[in-house]
Amino acid sequence: MTKRDAPAPVLERQPDRIALGPPAEGGGCHADAGVLRAATDKAQGSELLARYAADYPVGPHDQPQSMCPAFGSLRVGLRMRRTATVLSGSACCVYGLTFTSHFYGARRTVGYVPFNSETLVTGKLFEDIKEAVEGLADPALYDAIVVTNLCVPTASGVPLRLLKKQINGVRIIGIDVPGFGIPTHAEAKDVLAGAMLAYARAEAEAGPVAAPRVKADRPTVTLLGEMFPADPVGIGMLLEPLGLAAGPVVPTREWRELYAALDCAAVGAIHPFYSASMREFEHAGRPIVGSAPVGVEGTAAWLDAIGAACGVAQRLIDNAKDRFLPAIGGALAANPINGRITVTGYEGSELLVARLLIESGADVPYVGTACPATVAGAADRAWLEARGVRVQFRASLEQDIAAVEEFAPDLAIGTTPVVQYAKQRAIPALYFTNLISARPLMGMAGAGSLAQVINAAMANKPRFDAMRAFFDGVGTGPGAGVWEDTPQDRPQFKKKYAALNEAARKAAEAVGS
């Protein structure tokens, strides 16, 4: 058989590859944030992190101590009906995120696309993500699929932007939520909410979209930021005399609510750090009003601002204030809070809680929040500072603990480590997320909601003192427990082995790079 007669070689189709280049020196999920930022800029261009830096500014330090930011966007997706969630990241990160999500009540499968060094640097990981999304895209089950890059795929440039925008009628939303680019999990909620609003706005501009399940017969005010379920109902009561209704809460619980959220008369930025979401509302031509109806003064100012934004006649605004403000003032007077309280947290509603406490009679010398200072939150900051409150944005754990030491409060409201620190010093303390933000804050329902739990906690001070006196002398640190001879601390040994551990860590990194 001649060479010409030889059968042509069978050429198998080769999968598409995206050359991402080798990983950055010192890369991996353990790498320094600066290394990961530089790698991301090289792999994806500087636009992504520049946008995050503008939306979620840091300072005075780099980043608050908080859980993985991606937890926030993950929870937003898991709470939405007919929405699938897929994570792309290191296995340890995915395990931690899914564990925490299920601990907080998520009853939804979390998809995971694993990778190794080869699939990451050759572009096979992107193809695996693409294949996973195509397999999930069943319109009978899902309206949308959310794919999230964690730190390593973001820094390596895995291009979720190249995924199809829609497969079989199922929307595909790809977002990057790196811990070195998003400061807190609260702001990561905005990353996904903003991406979904942008997608929904483009759909609405292109043609007819699904109507909301329940359509209000009056202009609506969209509420921005997660809140206690009773708060939108209370806000709706406040808006009714203005001829307005409470619209959807963003982040929403299903896709079609996004259209209704965009179709509003105004946006109430209850949580003022949703920068990406507010940008979408601004593109849609919707006015944004900061703060919230908390207490007498907060409710009065908010009704004025909402009325002005929606073109409501002043007489209707005054009628609403005459109807609600006396009742709110009466509820505050009937449920006084007498004591010094420091407030810290990472939810974004810390300033609102402080306002309500002050109107209830409490002395609040310090408010610390992990979230940033924003234009939408300026009114709350000004109100608090006018009353002598020190407001610390991007608060660190050290700053929050220093405030407990400085002001010696009767009650410390804060994150888990702040609560632990206070209780060790016989100071009553309450965890902000589970015990404070899990109560109504707005309108009449919020006026007396905090008094019972806070007064009960402050009343426990004698019990703390008794317990501290009882256990006094049993030892702390290396001397804790029961011993025949009290152990002696050996700081020189700690210093020696800390140095050895650091040298071993650097050697391991050098080998890994």
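Put simply, CG on Asp55 and CD1 on Ile182 are 8.0 Å apart, with the number rounded to the nearest 0.5 Å. Between Asn319 atom CG and Leu303 atom CG the span is 11.5 Å, to the nearest 0.5 Å. Atom CZ of Arg381 sits about 14.5 Å away from atom CZ of Arg355, to the nearest 0.5 Å.
A salt bridge links Glu226 with Arg79; the closest basic N to acidic carboxylate O contact falls under 4.0 Å. A salt bridge does not link Arg256 with Asp143: every distance from a Lys NZ or Arg NE/NH1/NH2 to an Asp or Glu carboxylate oxygen is 4.0 Å or more.
With a 6.0 Å radius and a threshold of 12 heavy atoms from other residues, nucleotides or ligands, Gln314 has its CD atom above the threshold. In this structure, Met67 places its CE atom where more than 12 heavy-atom neighbours from other residues, nucleotides or ligands lie under 6.0 Å away.
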Item to check | Chi angles and distances behind the side-chain hydrogen bond (donor to acceptor under 3.5 Å, both in side chains) call for Asp176, Thr154 | outcome: CA-CA 6 Å; Asp176 291 272; Thr154 294; 2.9 Å; yes

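Remark: Tyr199 engages Trp255 in a ring pair (Phe, Tyr, Trp, His ring centres under 6.0 Å) (not counting sequence neighbours).
Here the closest non-hydrogen pair linking Val419 and Gly414 is CG2-O, 3.7 Å. Among all heavy-atom pairs drawn from Met458 and Asn338, the shortest one is CE-O, 3.5 Å.
With hydrogens and angles left out, the side-chain atoms of Glu203 and Tyr259 include a donor and acceptor closer than 3.5 Å.
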